[in-house]
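Here it is: the structure, laid out below.
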Amino acid sequence: MNLTAIISFIFVFGVLVTVHEFGHFFIAKRSGVLVREFAIGMGPKLLSWNRNHTAYTIRILPVGGYVRMAGMDETADLDAGQRLMLEFNAQQHVTTLDTRVEEAHDGVPFQVDSFDLSDALTLTGYLNNAEELTTIVVDHDATIIEQNGIEVQIAPRDTWFQSAPLFKRAMINIAGPLMNFILAFIVFSGLGFAAPSVTLNEAVVGGVQNNMPAKQAGLQADDKIRSIDGQDTKSWQDVTERISAANGKQLTFVISRQGQQKRVDVTPKTVKIDGVNSTLIGITAKMHTNITARIQYGFVTTGMTIQQVWHALTHLFTGGFSLDKLGGPVSIARETSSVARIGFLSILAFMAMLSINLGIMNLIPIPALDGGKLILNIIEGVLRRPLPSIIENTVTIVGAVFLVVLMIAVTINDLLR
């Protein structure tokens, strides 16, 4: 894989995951859930800053990202016996807890004995090297400076994801896949304006090639294909599928031409293109150049891609499961390398397709995926009470283990292929 392909893979994978996580982040912020950190990339941090109670970080590995919401997989921010440097406001409430004691130059020394940063918002310990235990109040919006230098908000219980109303939690869960669909629409719309002309997947003939069966049978430009062999054709995709499945037998087209319906019999021919046999009749789809059509192209192509991905997904289960029908990072890297040779617009089209793929895959009702979380939301809505945390955590862990095992199996299969 050359440098261009590597950069293309990092670009595609990074954009897809970052956009997905931004969906969760955007709705969480507007639902009153504290987003403690929004990270672009993975691994050690390169840069961080704070804005509106959220730490934004750029990390060294430019692939992926994550949203760290309050209440989700929370671990203790402090440890008993830990030393801190504290800063206070005018009310003598703690506003900053700096864990980097050796590096901090400002603040009052404090050794932690116990703490409650969720409900009571208090610290108990030894202030300024005193020998008596002291309990002090922590401000609701206090921040903790972690050992890696990232300053994050403490997480009082009222800011937790679990404290948000059920409807808002469901919206947060669905926001990631939704952003993937929006990204695909934006990219496809942009490609519509970048292309000389676009097709709207309508069953209308744009051009007829000389010395091909369609021309010989009398098909003309602007003919609207109503049906082929009695099967309705609502899109150009339907037309191409009917022709490809003909295997050389005669097809009966019902077309509309200038307000009149006609029947036309066409016998496809097999043509070898790049060593592959293709069944053709010699027609092309109608192309458009106006602005309205270019905007429509974004909607049409997004909808068509969703249908194709959904069909592939359902075939995965109905047509017999096989790892060969799945692809992981290795397959994505290989395909990215292929499209990178064609050009930047091809990379964008591939990214839009993958974005839809990621959105739909995340909606599969497997625990640990967004779809699985939505199922838990629905169950909670039916029962009118949250599931016991032990059940929810167990189900999520089982789903996560399944996904990890599946990813390992898919990656090994990709490498073997």
Side-chain angles (χ1 to χ4, degrees), residues 16-40 51-56 64-75 117-119 121 140-141 152-186 299 302-303 306-307 309-310 313 355-400 402-403:
L16 291 183
V17 178
T18 300
V19 166
H20 180 93
E21 295 300 332
F22 178 79
H24 295 309
F25 162 80
F26 184 80
I27 300 301
K29 291 282 282 186
R30 277 148 186 76
S31 299
V33 175
L34 171 64
V35 179
R36 306 187 74 184
E37 182 185 358
F38 178 62
I40 297 176
R51 183 179 175 84
N52 295 329
H53 308 301
T54 296
Y56 297 86
Y66 61 86
V67 173
R68 183 176 163 192
M69 285 184 278
M72 301 291 286
D73 302 320
E74 285 289 344
T75 56
L117 300 182
S118 300
D119 300 299
L121 301 185
H140 183 277
D141 296 330
V152 297
Q153 201 84 14
I154 66 169
R157 194 175 299 275
D158 63 295
T159 66
W160 285 13
F161 173 82
Q162 296 90 329
S163 299
L166 176 60
F167 172 74
K168 290 185 176 181
R169 281 184 278 135
M171 290 302 298
I172 293 171
N173 287 329
I174 204 173
L178 181 61
M179 277 301 298
N180 285 124
F181 298 137
I182 292 174
L183 171 65
F185 165 71
I186 292 173
F299 287 102
T302 300
I306 289 174
Q307 290 179 344
V309 174
W310 179 254
L313 180 62
S355 189
I356 289 175
N357 205 311
L358 178 62
I360 291 178
M361 292 297 289
N362 263 279
L363 289 175
I364 297 176
I366 296 176
L369 292 179
D370 295 324
K373 294 174 184 176
L374 283 171
I375 293 298
L376 293 177
N377 292 149
I378 292 171
I379 293 173
E380 180 180 338
V382 171
L383 297 177
R384 297 189 176 182
R385 66 176 185 275
L387 286 172
S389 58
I390 188 171
I391 294 178
E392 186 170 343
N393 291 338
T394 301
V395 169
T396 302
I397 291 171
V398 170
F402 169 76
L403 290 175

Donor-acceptor pairs under 3.5 Å, side chain of residues 363-370 to any protein atom, not counting sequence neighbours: which ones?
unit_1, atom_1, unit_2, atom_2, d
Asp370, OD2, His20, NE2, 3.1
Asp370, OD2, His24, NE2, 3.4

>> Using side chain to side chain contact (heavy atoms under 4.5 Å, CB included), reason through Arg169 and Val33 one step at a time and then give a plain yes or no.
In response: CA-CA 9 Å; Arg169 281 184 278 135; Val33 175; 6.0 Å; no

> In Å, rounded to the nearest 0.5 Å, how long is the span from CZ of Arg157 to CG of Leu121?
Replying inline: 10.5 Å

> Counting distance only, does the side-chain N/O of Thr396 pair as donor-acceptor with the main-chain N or O of Glu392 below 3.5 Å?
Replying inline: yes

> If you round to the nearest 0.5 Å, how far is OG of Ser355 from CG of Leu183?
Replying inline: 4.0 Å

>> For Met72 and Val67: C-alpha separation, side-chain torsions, deciding distance, then whether side chain to side chain contact (heavy atoms under 4.5 Å, CB included) applies.
In response: CA-CA 10 Å; Met72 301 291 286; Val67 173; over 6 Å; no

>> To check you understand the geometry: which heavy-atom pair defines the closest contact between Ile356 and Ala184, and what is its length?
In response: CG1-CB, 3.4 Å

> Does the Glu37 side chain pair with the main chain of Thr54, one donor and one acceptor, at a distance under 3.5 Å?
Replying inline: no

> Taking the side chain as C-beta and beyond, is there a heavy-atom pair between Lys168 and Arg30 under 4.5 Å?
Replying inline: no

> Hey, mind stepping through Ser31 and Met171 against side chain to side chain contact (heavy atoms under 4.5 Å, CB included) and telling me if it holds?
Replying inline: CA-CA 9 Å; Ser31 299; Met171 290 302 298; 5.6 Å; no

> Is Gln162 reaching over with its side chain to a backbone N or O of Gly71, donor-acceptor style, under 3.5 angstrom?
Replying inline: yes

> Do Thr159 and His140 come close enough that some side-chain heavy atom pair is under 4.5 Å?
Replying inline: yes

> Would you say the side chain of Tyr66 lies within less than 4.5 Å of the side chain of Phe38, judging by non-hydrogen atoms?
Replying inline: no

>> Determine whether a donor-acceptor pair (N or O, by modelled atom type, separation under 3.5 Å) exists between the side chain of Trp160 and the backbone of Ala155.
In response: yes

> Can you tell me how far the CG atom of Leu178 sits from the CD1 atom of Ile182, to the nearest 0.5 Å?
Replying inline: 4.0 Å

> Are Lys29 and Leu34 close enough, and set up right, to give a side chain to side chain contact (heavy atoms under 4.5 Å, CB included), and what steps lead you there?
Replying inline: CA-CA 7 Å; Lys29 291 282 282 186; Leu34 171 64; over 6 Å; no

> What is the distance from atom CG of Leu374 to atom CD1 of Ile379, rounded to the nearest 0.5 Å?
Replying inline: 11.5 Å

>> As an exercise, state the distance from CD1 of Ile306 to CZ of Phe181, rounded to the nearest 0.5 Å.
In response: 5.0 Å

>> Measuring from atom CG of Asn173 to atom CD1 of Ile27, what distance do you get when rounded to the nearest 0.5 angstrom?
In response: 11.5 Å

> Within the side chain of Arg36, is there an N or O that forms a donor-acceptor pair under 3.5 Å with the backbone of Gln153?
Replying inline: yes

> Quick one: does Lys373's side chain have a donor or acceptor within less than 3.5 Å of a partner on Ile172's backbone?
Replying inline: no

